[in-house]
Every structure is written in structure tokens, then in C-alpha cells.
Amino acid sequence: MGTTTTASRGERKVARDMAEPDKGVIGKQLDDVVCACRDGWKVMRRKGPSQLQFWFIALLIGIAAGFAALAFRKGIDALQSFLYGARDVHSLTDFASSLPWYWIVAIPILGGLCTGIILHLFTPDGRVRSVADVIAGSALHDGRVEKRAGLASAAASMITLSSGGSTGREGPVVHLAGVISSWVCGLIRADGITGRDLLGCAVAAAVSASFNAPIAGALFALEVVLRHFAVHAFAPIVIASAAGTVISRLEFGDVTEFSLPAENILSFYVELPAFLILGLLCGIVAVVLMRSIFWADDMGNIVQEKLRMPRWLRPAVAGALLGIIALQFPHIIGVGYGTTTQALTGELLFYEAVIFAIFKVIAVAVTMAGRMGGGVFSPSLMVGALTGLAFGGIATGIFPNVSGAETLYALAGMGAVAAAVLGAPISTTLIVFELTGDWQTGLAVMVAVSLSTALASRLVDRSFFLTQLERRDIHLAAGPQAYLLSMFRVGNVMRTSDHPDAASEEAIWEVIEEGVFIGPNATLEDAMPIFETTNRRFIPVATFGAEGEPPSIDGALFQVDALKQYNRALAATAAEEHS
């Protein structure tokens with residue numbers, strides 16, 4: 001194949017030289033470069049990128065995702081400043097308390113209305129796309145996500161976070177990065193493995209650019225999105241993550257998101273049992289946060305159905321509730337990094353930390369149930385920091401002689417709640433260190449994170465995102481063995497009548513008369529229970545027409561073929577994860 005390409009390139013060069021004898025040497029060399037690029041592009045689209053090409057594509061995706069994350073963040077700041085009139089969005093909580101009450105209520109309503117209209121027009125279900133959809137795209141759709149709905153979700157989430165929504169920016173940024181990688185995958189016709197790796201590159205760059213956390217960004221992509229640590233994916237993901245971080249640091253500098261007090265150190269190893277207890281408490285708080293969101297979403301569905309509320313109005317109603325809450329607790333507005341910083345520096349009293357945490361959970365549940373957009377990572381950081389500070393105030397008060405600073409508990413609590421919500425103890429631990437620049441308190445944070453994740457993962461389906469998917473009947477939490485069967489349609493695996501070993505028409509009709517059959521659009525996940533309960537060698541595949549008309553026979557699904565397809569899929573997944 002390479003010899004043919006070289007020969008054709010040479011023949012074109014001779015023909016071009018004969019046709020353009022007066023063209024300069026530089027012009028001919030440029031033509032050669034263009035010709036070579038064109039040939040390389042054709043080969044890459046036909047065979048896929050080589051390793052060197054793939055790393056270069058990973059770099060370009062990292063840069064693009066980094067700029068997308070930067071634009072999203074700057075867009076939120078600009079729109080938030082315009083709506084609230086605050087010069088410094090980091091002091092928005094203090095500034096909002098001085099605004100007229102009607103303006104505090106009106107802004108989230110208007111933001112929710114705009115969000116609802118956007119999602120109604122550009123998504124099929126009026127739902128914001130986020131990290132859960134990226135995980136599903138990686139597992140089930142060869143690393144692709146919805147592009148049109150993804151762009152609409154990014155716009156809706158930007159409006160939500162700018163107009164009083166109480167969520168985070170990492171969810172929409174991750175999906176926006178997935179849109180970029182999906183576009184590139186379509187451009188180069190990437191296969192499943194390449195598509196998933198490019199998706200991981202885009203996610204790593206977006207997370208790194210959002211939080212100035214290159215290590216955590218790379219591990220987040222591997223641990224949460226790809227859900228494996230394959231060696232072949234590590235290098236390009238790190239390249240993309242580094243590119244995203246450079247984009248962020250060119251704009252904001254090499255600074256941490258939070259500043260901690262200097263005395264934030266572990267006093268003595270006797271104090272470690274307190275962090276074990278804190279980890280268990282944070283696991284419970286994380287479960288309360290997640291289940292509050294799901295419960296509020298179910299209540300929102302019931303109310304919407306009973307009142308026959310149009311789906312585009314639902315975010316506006318949620319905005320009205322948020323505005324009412326913000327009248328008394330303006331700290332719920334936006335991402336909430338200001339309040340998180342206050343918790344990490346010990347500027348809040350015990351009762352303030354407890355009340356702020358409770359109302360933040362309520363506000364997050366209202367925002368998510370109202371389909372307003374945003375992510376859960378930043379809220380989990382805030383709730384965790386407030387929980388840790390409140391716990392630290394009690395622990396240091398009971399055992400002052402063997403206790404360090406209560407702000408250390410806030411740091412550990414921040415990581416513990418976030419890790420339990422994300423189901424990502426490794427990347428969350430690292431992102432806490434990178435957000436704060438504090439690597440000296442790692443033992444306390446790791447102890448709390450491990451306990452909280454272990455507890456929460458048993459009370460939900462491993463994480464907030466995987467539980468979201470389970471609620472949509474997408475079973476990824478149990479691993480590939482649980483979801484691979486749902487990826488194959490019966491019509492693609494069945495034996496048709498022209499197959500040499502097809503079932504006879506008489507045998508097929510006998511089984512159908514017993515009430516055993518399946519449609520061609522069903523999946524192997526639907527078929528396997530039928531095999532188990534009927535103990536048959538094959539299941540007829542039939543399409544039923546109008547009432548009174550006999551079904552048309554499409555073929556027969558044999559159990560041995562279904563098992564072979566399943567085994568091949570398991571083998572391919574294992575090969576990818578261990579390559």
C-alpha cells in the first residue's frame with residue numbers, strides 16, 4: 001500500500017512539473033508538501049492515525065479543550081458581572097446581599113427561563129448533558145457524545161452559573177470537551193479505542209484548564225471517564241492535560257484556586273482516628289447530597305406532570321426557588337468558591353458552617369432537579385469543606401492537646417465528600433492537593449477520602465454519575481460484563497433464512513406458537529433472560545404488523561451466537577484495558 005502511494009505521488013509530481021515548467025523551486029516544494037499532507041490524510045482516514053500522529057492530535061485536542069474551558073470560565077465571569085453588577089465575581093456573595101430583593105429573585109428566574117428555552121429547542125428531552133453522558137459515550141458509543149445537545153447544554157449551564165444557579169462548571173466543561181473530541185473522531189473516522197482515547201485527552205485537558213490541575217486532570221480522565229488505566233492511553237492523555245494546563249496558566253498564572261493558612265498541619269498521629277470518623281461522616285453527607293438531588297428530580301417530574309407544566313418553564317420555577325433562598329443565604333449563588341475559601345481558612349463559625357452546608361445541599365438539589373445545568377464537583381467541594389470545618393471545631397474543642405488546626409479538617413472534608421460523589425478517590429485526592437498547593441497534609445486527606453468513598457459506594461451505585469445512568473437503565477456500575485450485552489442488537493446477531501445452519505421455518509413457527517419470540521431491535525441483554533428461562537437453543541426473531549396480520553419471520557437468534565458475540569466483546573474490552 002505504501003509503494004502504491006509513493007508511486008502515485010511521483011507520477012503526479014512529474015505531470016505537474018511538465019504542466020508548469022515555469023513554476024519556481026519553492027512553489028514546487030510547497031506543492032510537494034501539500035500533496036504529501038493530502039496523501040497522509042487519506043491514509044489516516046482509511047487506516048487510522050499512527051502513534052506519532054495520534055500524539056499530535058492529542059496535543060491539538062488538548063489545546064482546543066483548554067481554550068474551550070477558558071472561554072467557558074471567562075464567559076461565566078463576564079455574564080455574572082453584567083447581571084449582578086459586581087466588579088469582582090469572587091466577592092459576589094457579599095455584593096449580592098446589598099442588591100434589591102426583587103433583583104436577587106428576578107435574575108435566577110430570567111436565567112432559568114433562558115436555560116429552559118435553549119434546552120427545549122436544541123435537546124430532544126430538555127435535559128442538560130454532563131459527565132454521566134460522557135461516561136456513557138465512552139463505554140457505549142465509541143467515545144462519541146451528542147454534539148448539538150452538548151453545545152446547547154454548555155450555553156444553558158453558562159447562563160445557569162451566571163444567574164444564580166448553585167452548581168459547578170466542571171460538568172458542562174467536560175461534556176464540551178467531549179463534543180470537541182467527537183468532532184475530531186468523525187473527521188478522522190476513529191475506531192472505538194481511538195475514539196475513547198481522544199475523549200480521555202479532551203476531558204483531561206478541560207479539567208486541567210478549569211482547575212490548574214494537570215495531574216488530577218489526567219487521572220480524572222482515566223479513573224472516571226475511561227474507567228481503566230491502560231498504558232497506551234496514558235501518554236497522549238498526559239500530553240493533552242499538560243496542554244490544557246498551559247492554556248490556563250497563560251491566562252491566570254501558576255496560582256492555586258484556594259489559599260490555606262500556614263499552620264494547617266497534622267498535630268500528631270493520635271489525631272488520625274478523628275479523620276477516620278470524619279471520612280465516615282463525609283460519606284454519609286455525600287450520600288445525602290446525591291439522594292437529595294435524585295429525590296428532588298423525582299418530585300420535579302411529579303409536579304411537572306400533575307401541573308402539565310411545559311418543560312421549558314421548569315428551570316424558571318427552580319430559579320424562583322433559588323432566588324427566594326438567596327435572599328437569606330446569598331452564598332448559594334454560583335460556584336461558591338468564596339464560601340469554600342472561608343471554610344478552608346476558618347473564617348466561619350460552627351453554626352454558620354452547618355447552616356450553609358444544609359442550604360447548599362438544598363440549593364444544589366433545586367438547581368439540578370430544575371434541569372438548569374452545571375456539575376456537582378464544585379458544590380461537593382463546598383459542602384465537604386463546611387462539613388469538615390464543623391467537625392473540626394468539635395474535634396479540636398474536645399481534644400485540644402492532641403489536635404491540629406480545624407482548617408485541616410475542612411481540607412480533608414472537602415476531599416472526602418468530593419471523592420465520594422465522584423467515585424474517584426485517586427484523582428479527587430490529587431485535585432485537592434493541586435487546588436490548595438498543600439501536599440503536607442496528605443495522610444489526613446487520604447484517610448478521610450478512603451473511608452468516605454468506601455461507605456458511599458455501597459449506599460449508591462458507586463458514584464453520582466453512575467447512579468444517574470442506572471436511573472436511566474444504563475448499567476455501567478457493575479462493569480463491562482453488565483452492559484456489553486446491551487450494545488448488540490438481535491437483528492445483527494441472528495441467523496437469517498439463507499444461513500447454512502439456520503433454523504427451519506417449521507421449528508420457528510412452533511416456538512412462536514408457544515409465545516417465545518423477540519424483535520430484531522431488541523438487544524442481547526433482552527434475549528439472554530429468555531434463553532435462561534426457556535432453555536431453548538434458539539429464539540425466533542419476528543416483526544409484528546397491524547392487528548390481525550401474521551408476524552413476518554426475520555430469522556432466529558441462537559444462544560451459541562449470542563454467547564460468542566459476548567465473549568468477543570469481553571475479550572476486546574480486556575485487551576484494551578490491559579494494552
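Quick note: residue numbers are just sequence positions, from 1. Every value quoted in this text rests on a predicted model; they were computed, and no experiment measured them.
Under 3.5 Å, the side chains of R129 and H175 contain no donor-acceptor pair of N or O atoms. Side-chain N/O atoms of D197 and T194 include no donor and acceptor closer than 3.5 Å.
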Could you walk me through whether D501 and R495 satisfy the side chain to side chain contact (heavy atoms under 4.5 Å, CB included) test, starting with their C-alpha distance in whole Å, then the side-chain angles of each, then the deciding distance to 0.1 Å, before giving a yes or no?
CA-CA 8 Å; D501 296 321; R495 298 180 188 178; 3.4 Å; yes

Steps toward side chain to side chain contact (heavy atoms under 4.5 Å, CB included) verdict (V131, V203)
CA-CA 10 Å; V131 178; V203 169; over 6 Å; no

Begin with the C-alpha distance, continue with both residues' side-chain angles, and end with the deciding distance and a verdict on side chain to side chain contact (heavy atoms under 4.5 Å, CB included) for L70 and F252.
CA-CA 10 Å; L70 177 62; F252 300 109; 3.4 Å; yes

Take L119 and W312 through the test side chain to side chain contact (heavy atoms under 4.5 Å, CB included) and record every step on the way to the result.
CA-CA 7 Å; L119 295 175; W312 55 265; over 6 Å; no

Please step through salt bridge (charged side-chain N to carboxylate O under 4.0 Å, His left out) for the pair R371 and D125, ending with a clear verdict.
CA-CA 11 Å; R371 310 286 170 84; D125 52 7; over 6 Å; no

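The CG atom of L524 sits 8.0 Å away from the CD1 atom of I518 when rounded to the nearest 0.5 Å. Between atom CZ of residue R537 and atom OG1 of residue T534 there is a gap of 12.5 Å, rounded to the nearest 0.5 Å. Atom NZ of K147 is separated from atom CG of L151 by 9.5 Å, given to the nearest 0.5 angstrom. Atoms CD1 and NE2, on I193 and H232 in that order, are 6.0 Å from each other to the nearest 0.5 Å. A distance of 8.0 Å separates OG of S162 from CD1 of I159, quoted to the nearest 0.5 Å. One distance of note links OG of S138 with CG of L199; it measures 5.5 Å at 0.5 Å rounding.
Of the charged side-chain nitrogens involved, none lies within less than 4.0 Å of a carboxylate oxygen, so that D191 and R196 do not count as a salt-bridged pair. Note on D298 versus R471: salt bridge recorded, some NZ/NE/NH1/NH2 to OD/OE distance being below 4.0 Å. Looking at D297 and R291, no side-chain N of the basic residue comes within less than 4.0 Å of a carboxylate O on the acidic one, giving no salt bridge.
When side chains are defined from C-beta on, V445 counts as touching F433, because their heavy atoms get closer than 4.5 Å. A heavy-atom distance below 4.5 Å is found between the side chains of T523 and D526. In this structure the side chain of L466 reaches within 4.5 angstrom of the side chain of S463, judged on heavy atoms. Residues V560 and F538 are not in side-chain contact: their nearest non-hydrogen atoms beyond the backbone lie 4.5 Å or more apart. With a 4.5 Å cut-off on side-chain heavy atoms, Y483 and I474 do not count as touching. Between I188 and L198, the closest side-chain pair of non-hydrogen atoms falls below 4.5 Å. Counting only heavy atoms from C-beta outward, the side chains of I302 and E305 never approach each other to under 4.5 Å. Side-chain contact between F517 and I530 is absent, with no heavy atoms from C-beta onward closer than 4.5 Å.
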Throw together a table of side-chain donor-acceptor distances under 3.5 angstrom for residues 206-223, partners on residues two or more places apart or in other chains.
{"unit_1": "S208", "atom_1": "OG", "unit_2": "A204", "atom_2": "O", "d": "2.7"}
{"unit_1": "S208", "atom_1": "OG", "unit_2": "A213", "atom_2": "O", "d": "3.4"}
{"unit_1": "S208", "atom_1": "OG", "unit_2": "S241", "atom_2": "OG", "d": "2.5"}
{"unit_1": "S210", "atom_1": "OG", "unit_2": "A206", "atom_2": "O", "d": "2.8"}
{"unit_1": "N212", "atom_1": "OD1", "unit_2": "R249", "atom_2": "NE", "d": "2.6"}
{"unit_1": "N212", "atom_1": "OD1", "unit_2": "R249", "atom_2": "NH2", "d": "3.4"}
{"unit_1": "N212", "atom_1": "ND2", "unit_2": "V255", "atom_2": "O", "d": "2.9"}
{"unit_1": "E223", "atom_1": "OE1", "unit_2": "S427", "atom_2": "N", "d": "2.9"}
{"unit_1": "E223", "atom_1": "OE1", "unit_2": "S427", "atom_2": "OG", "d": "2.9"}
{"unit_1": "E223", "atom_1": "OE2", "unit_2": "I426", "atom_2": "N", "d": "3.3"}

What pairs of donor and acceptor atoms, side-chain ones from residues 475-482 against any protein atom, are under 3.5 angstrom apart with sequence neighbours left out?
{"unit_1": "H475", "atom_1": "ND1", "unit_2": "E470", "atom_2": "OE1", "d": "2.9"}
{"unit_1": "Q481", "atom_1": "NE2", "unit_2": "A478", "atom_2": "O", "d": "2.5"}

Can I get a per-line list of side-chain donor-acceptor pairs under 3.5 Å for residues 179-187, giving both atom names and the distance, sequence neighbours left out?
{"unit_1": "S181", "atom_1": "OG", "unit_2": "G178", "atom_2": "O", "d": "3.0"}
{"unit_1": "S182", "atom_1": "OG", "unit_2": "V145", "atom_2": "N", "d": "2.9"}
{"unit_1": "S182", "atom_1": "OG", "unit_2": "G178", "atom_2": "O", "d": "2.8"}

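The main-chain N or O of A369 is found under 3.5 Å from a side-chain atom of R314 such that the two form a donor-acceptor pair. Between the side chain of R144 and the backbone N or O of G137, no donor-acceptor pair lies under 3.5 Å. Although no hydrogens or angles enter the test, the distance criterion places no donor-acceptor pair under 3.5 Å between the side chain of T453 and the main chain of G423. A side-chain donor-acceptor contact under 3.5 Å links S457 to the backbone of A454. Distance alone, capped at 3.5 Å, is enough to place a donor-acceptor pair between the H228 side chain and the A230 backbone. At least one donor-acceptor pair closer than 3.5 Å links the side chain of N567 to the backbone N or O of L563.
Across all non-hydrogen atoms, the minimal contact from S380 to V421 is CB-CG2, 4.0 Å. The two residues L557 and V541 come nearest to each other via the heavy atoms N-CG2, 3.7 Å. Listed here is the closest heavy atom pair of T160 and T367: CG2-CG2, 4.0 Å. Nearest heavy-atom pair, G192 versus D142, reported as atom, atom and distance to 0.1 Å: CA-OD1, 3.5 Å. Here the shortest heavy-atom pairing between L176 and A154 reads CD1-CB, 4.1 Å. Of all non-hydrogen atoms in V128 and S157, the two that sit nearest each other are CG1-OG, 3.7 Å.
Remark: R568 fails to qualify as a cation-pi partner of F488 under the 6.0 Å distance and 45° angle criteria applied to the six-membered ring.
Residues satisfying the side-chain contact (heavy atoms from CB on, under 4.5 Å) test with A152, not counting sequence neighbours, are I118, F122, T123. Partners of K74 by salt bridge (charged side-chain N to carboxylate O under 4.0 Å, His left out), not counting sequence neighbours, listed by chain and number: E251. For M446, the side-chain contact (heavy atoms from CB on, under 4.5 Å) partners at least two apart in sequence or on another chain are T429.
At most 12 heavy atoms of other shown residues, nucleotides or ligands fall within 6.0 angstrom of atom CG in N535. By the neighbour-count criterion of 12 heavy atoms within 6.0 Å, atom CZ of F558 is densely surrounded, having more than that number from other residues, nucleotides or ligands. Residue-environment remark: CZ (F56) stays at or below the threshold of 12 foreign heavy atoms within 6.0 Å. More than 12 heavy atoms of other shown residues, nucleotides or ligands fall within 6.0 angstrom of atom CZ in R127. Counting non-hydrogen atoms of neighbouring residues, nucleotides and ligands closer than 6.0 angstrom, the CZ atom of R472 exceeds 12 such neighbours.
Aromatic ring centroids of F294 and F464 lie under 6.0 Å apart.
In summary, of the residues considered (V417, L422, L381), a side chain to side chain contact (heavy atoms under 4.5 Å, CB included) with T428 occurs for L422 alone.
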